[in-house]
Colleague: 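My structure is below; once you've seen it, I'll send some questions.
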Amino acid sequence: MKEKFENNEDLNKLNFTKIINFIINFIKKVFVKYPVPVMFIIFLIVTIPASGFSWKYLINELFNRLARNSFLVLSLLLPIMAGMGINFAMVLGAMAGQISLILITDWSIVGLPGFFLAILLAIPISILLGILCGYILNRSKGREMVTSMILGFFMNGFYQFIVLYLMGPVIPIRNKLILLSRGFGIRNAVNLQGIRQCIDDLIPLTILKTDYDPGIKIQVATFFVIFLFCLFIVWFTKTKLGQDMRAVGEDRLIAESAGINADQTRLIAIVISTILASIGQIIFLQNIGTLSTYNSHDQTGQFAAASLLVGGATVSTATIGNVFLGVILFHLMFIVSPMAGKNLIGNAQVGEYFRVFVSYGIIAIALVLYAWKRFKEKQKEREATRFRELNKSK
Amino acid sequence: MIKNINKKGINMDKINKFIEKAGWPRIIIGIFLLILFACAPLVKLSLARSISDTLIRVGMNAVMVLALVPMVQSGCGLNFGLPLGYLAGILGALISIELNLKGLFGLLIAMGISIPFAIIFGIAYGALLNKVKGDEMMIATYVGFSSVSFFCILWLLLPFKSPVMVWGYAGRGLRTTISVQNFWQSALSDILSFKIGENFYFPTGMFLFFGLMCILIWAFFHTKIGTAMTAVGSNPDYARASGINIDKIRMLSVVMSTVLGALGIIIYEQSYGFIQIYNGPFYLGFPAVAAILLGGASVHKATIANVVIGAFLFQGILTMAPSVINSALKTDMSEIFRIIISMGMILYALTRKTKLRA
């Protein structure tokens with residue numbers, strides 16, 4: 001009897017340690033596989049309670065930001081698939097979107113027609129910019145990311161030149177309200193009253209609304225557009241072109257020897273990405289309602305890239321799931337940091353600088369982890385070949 | 001007739017050789033710069049003043065450009081993470097002001113304090129870059145960005161007390177720009193400096209310091225370790241085979257670059273008169289990179305001659321073009337001009353077809 005009991009206890013103990021081991025292993029596995037999202041979730045567990053926001057407020061804000069940003073982040077997927085890393089030059093698309101928004105504001109075309117006209121105008125501009133970008137990135141294989149980032153900065157110079165000097169004397173602008181007082185160049189802020197939230201509010205839906213509480217607003221139409229676009233991506237990956245793109249991303253040389261025109265495939269990936277970024281920026285700005293002419297596009301690529309990486313994507317693999325997880329986590333951090341900083345450290349500004357730091361730091365960490373992994377793989381491969389050769393010589 | 005053609009042919013040969021040696025970008029920018037200097041009197045700018053301004057800016061920026069050489073030579077590519085070094089320099093400068101040190105002494109103490117910081121930052125940065133061989137440039141950029149934004153938080157929280165630097169009404173947190181006027185403004189520039197006429201000022205001290213640094217770097221690359229550094233950059237396999245510890249050499253190059261960056265920003269500040277913190281150093285790494293590339297350096301190779309030529313051409317263009325254009329068109333296009341020239345130059349270097357290395 002006693003023996004049996006002891007045995008039982010042993011068994012229990014064994015089970016217990018087994019379970020703990022299993023849990024630890026599981027956590028380890030998750031952490032190794034998704035280090036960035038895990039770090040972020042731990043951070044949020046601390047800061048969300050510290051910020052003191054109500055869950056309703058947070059969810060409302062989150063829906064708003066999902067509607068605002070998802071499309072921009074989705075536009076990064078195709079270049080990653082084609083093996084070109086994160087397309088920081090999506091800023092080019094954002095610029096195209098902004099130029100077309102300035103034009104439709106000048107022509108005072110409002111509502112949905114204005115919105116769609118802006119998209120129609122943005123597409124040819126972004127095709128041109130995308131071809132330029134693709135051509136440049138094809139000349140700098142192996143360092144596409146840094147080149148695309150510099151290209152974004154470079155084109156920012158041209159964008160400023162067009163908006164600040166050519167708009168007025170060369171591109172006719174009649175609306176005095178958006179012109180600088182000197183008679184040419186666009187003002188710092190352009191009010192997009194005409195198309196403000198025209199897609200977001202197309203199908204109005206607010207849930208949990210009470211007398212004291214504004215409730216949770218859901219931007220049904222915007223999410224529908226985003227959903228359509230997700231379907232497009234899923235469909236696209238199954239087409240011949242999508243398969244080619246993936247093959248080029250896996251190994252460019254093998255794909256080329258299989259008869260795929262790698263350069264052209266990469267170019268198409270970038271052109272599509274640029275077009276989508278321009279549409280994304282238009283959706284983003286119709287949600288915000290004001291165009292900050294010289295700053296709106298500055299952080300677009302930065303925040304989109306950070307969101308994607310926070311969602312667990314790497315420089316070589318990214319899925320639609322990564323996009324949404326990333327936008328949710330990253331923007332939760334964005335919403336809560338200033339208040340959390342105020343409540344934890346006593347300084348809201350610290351929280352504000354902190355979220356900027358996180359958006360840069362997270363990209364740095366994700367890039368480092370990826371490069372490190374690749375470096376280690378290369379080393380292992382090298383050692384394996386060395387070993388093989390050693391065996392041969394023996 | 002035939003003779004003439006021959007003569008021309010020989011000349012063309014020489015010209016072609018020169019073009020090949022100097023490279024198109026330098027020739028175009030050089031000619032452009034000469035035209036700008038020639039145009040200066042036409043738009044009623046004083047030529048002496050223009051040249052003096054150019055020289056001052058060359059002196060201000062030259063050490064920061066020089067800071068890029070070690071890392072390019074050791075194969076780490078262009079150091080877009082240079083702002084990390086700037087932060088060390090800014091820390092040194094702020095501590096020197098906090099201690100209320102003035103004149104050349106204050107400046108030297110600022111440099112002295114910044115060096116250990118730069119060495120610590122450099123070691124951490126170098127260790128990181130050794131783990132990510134092949135992707136250095138992108139990661140360096142983000143190391144620069146994230147460290148600058150991290151220091152934004154520190155500037156708010158560090159316990160600086162000097163009323164010159166701290167916001168008056170809150171009593172804590174540093175101001176966005178801090179004047180060094182009452183401490184060590186022009187402490188280095190004014191050494192042996194001289195004036196010719198009304199408009200020409202030559203900041204001898206800055207050039208002496210830059211010269212000294214150039215000689216030190218030149219001498220370093222002729223020592224055993226310096227040669228090893230070049231070998232690591234140009235042929236890592238060969239370097240490994242000859243028993244060089246690649247990681248150590250790369251680390252050394254990163255530390256050197258960071259220290260030079262720290263010294264460079266202090267020299268910049270003493271001439272400029274202000275310390276810019278928070279987002280100030282954010283994009284300050286790019287002009288240095290653009291300058292060295294304009295001087296003929298590539299992603300894999302840079303010499304001191306590249307630094308000198310590049311600093312002069314780049315700063316010359318940046319000083320002259322906006323002031324000539326502004327006087328001619330009466331608008332301020334300097335910002336746009338700076339972006340297009342510097343980013344265009346970096347873009348050109350990144351897209352240049354380079355030989356594939358094994």
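Letters A, B, ... are given to chains in the order of the sequence lines, protein chains preceding strands, and every chain is numbered from 1.
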Colleague: Quick check for you: among Ala140(B), Ser147(B), Cys152(B), which has the greatest number of heavy-atom pairs under 4.5 Å with chain A?
Modeller: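 That would be Cys152(B).
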
Colleague: Can Glu335(B) and Arg338(B) be counted as an ion pair, charged N to O under 4.0 angstrom?
Modeller: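 Answer for the salt bridge query: yes.
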
Colleague: Which bit of Leu350(B) is near chain A, if near means a heavy-atom gap under 4.5 Å: side chain, backbone, both or neither?
Modeller: both

Colleague: For Phe184(A), is it the side chain, the backbone, both, or neither that has a heavy atom closer than 4.5 Å to a heavy atom of chain B?
Modeller: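 Only the side chain of Phe184(A) comes within 4.5 Å of chain B.
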
Colleague: When heavy-atom pairs shorter than 4.5 Å are enumerated against chain B, which of Phe153(A), Phe354(A), Tyr370(A) gives the highest number?
Modeller: Phe153(A)

Colleague: Does Arg250(B) qualify as a cation-pi partner of Tyr125(B), given the criterion of NZ or CZ under 6.0 Å from the six-membered ring centre and within 45 degrees of its axis?
Modeller: no

Colleague: Rounded at 0.5 Å granularity, tell me how far CZ in Phe303(A) sits from CG in Leu308(A).
Modeller: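 It comes to 15.0 Å.
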
Colleague: Where on Leu164(A) is there a heavy atom nearer than 4.5 Å to chain B: the side chain, the backbone, both, or neither?
Modeller: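 Contact with chain B involves the side chain of Leu164(A) alone.
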
Colleague: Between Tyr159(A) and Thr293(A), does a side-chain contact (heavy atoms from CB on, under 4.5 Å) hold up when you go through it step by step?
Modeller: CA-CA 10 Å; Tyr159(A) 170 79; Thr293(A) 316; 4.0 Å; yes

Colleague: Tell me which of these, Leu129(B), Leu128(B), Ile139(B), Thr141(B), has more heavy-atom pairs under 4.5 Å with chain A than the rest.
Modeller: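 Among Leu129(B), Leu128(B), Ile139(B), Thr141(B), the one with the most close pairs to chain A is Ile139(B).
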
Colleague: Side chain, backbone, both or neither: which part of Phe80(B) has an atom under 4.5 Å from a heavy atom of chain A?
Modeller: side chain

Colleague: Please report the shortest heavy-atom distance between Met145(A) and Phe88(A), naming the atom on each side.
Modeller: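 Looks like O-CD1, 4.0 Å.
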
Colleague: Does any backbone or side-chain atom of Phe151(B) lie under 4.5 Å from a heavy atom of chain A? Answer side chain, backbone, both or neither.
Modeller: neither

Colleague: Would you mind checking which part of Leu157(B) comes under 4.5 Å of any heavy atom in chain A, side chain (CB onward), backbone (N, CA, C, O), both or neither?
Modeller: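 The side chain, not the backbone.
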
Colleague: Does some side-chain heavy atom of Ile362(A) sit less than 4.5 Å from a side-chain heavy atom of Tyr142(B)?
Modeller: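 Side-chain contact under 4.5 Å: no.
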
Colleague: Under 6.0 Å between ring centres: does that hold for Tyr353(A) and Phe357(A)?
Modeller: no

Colleague: So that I can tick it off, tell me whether Arg374(A) and Asp135(B) are bridged by a salt bridge, with the cut-off set at under 4.0 angstrom between side-chain N and carboxylate O.
Modeller: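 Result for this pair is yes, salt bridge flagged.
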
Colleague: Specify which of Gln302(A), Arg182(A), Glu352(A), Lys376(A) makes the most heavy-atom pairs with chain B at under 4.5 Å.
Modeller: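 The option with the most such pairs is Gln302(A).
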
Colleague: Relative to chain A, which segment of Ile341(B) carries a heavy atom at a distance below 4.5 Å: side chain, backbone, both, or neither?
Modeller: neither

Colleague: Measure from the side-chain N and O atoms of Asp247(B) to the backbone N and O of Asn130(B), and report whether any donor-acceptor pair falls under 3.5 Å.
Modeller: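 No: the side chain of Asp247(B) does not pair with the backbone of Asn130(B).
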
Colleague: Where on Met149(A) is there a heavy atom nearer than 4.5 Å to chain B: the side chain, the backbone, both, or neither?
Modeller: side chain

Colleague: Between Phe154(A) and chain B, which part of the residue has a heavy atom less than 4.5 Å away: side chain, backbone, both or neither?
Modeller: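 Both parts, backbone and side chain.
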
Colleague: Identify which part of Phe158(A) has an atom lying under 4.5 Å from any heavy atom of chain B, answering side chain, backbone, both or neither.
Modeller: both

Colleague: Among Leu156(B), Ile346(B), Asn279(B), which has the most heavy-atom pairs under 4.5 Å with chain A?
Modeller: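 Ranked by heavy-atom pairs under 4.5 Å with chain A, first place is Leu156(B).
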
Colleague: Considering only NZ, NE, NH1 and NH2 on the basic side and carboxylate oxygens on the acidic side, decide whether Arg252(A) and Asp263(A) come within less than 4.0 Å.
Modeller: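 Result for this pair is no, no salt bridge flagged.
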
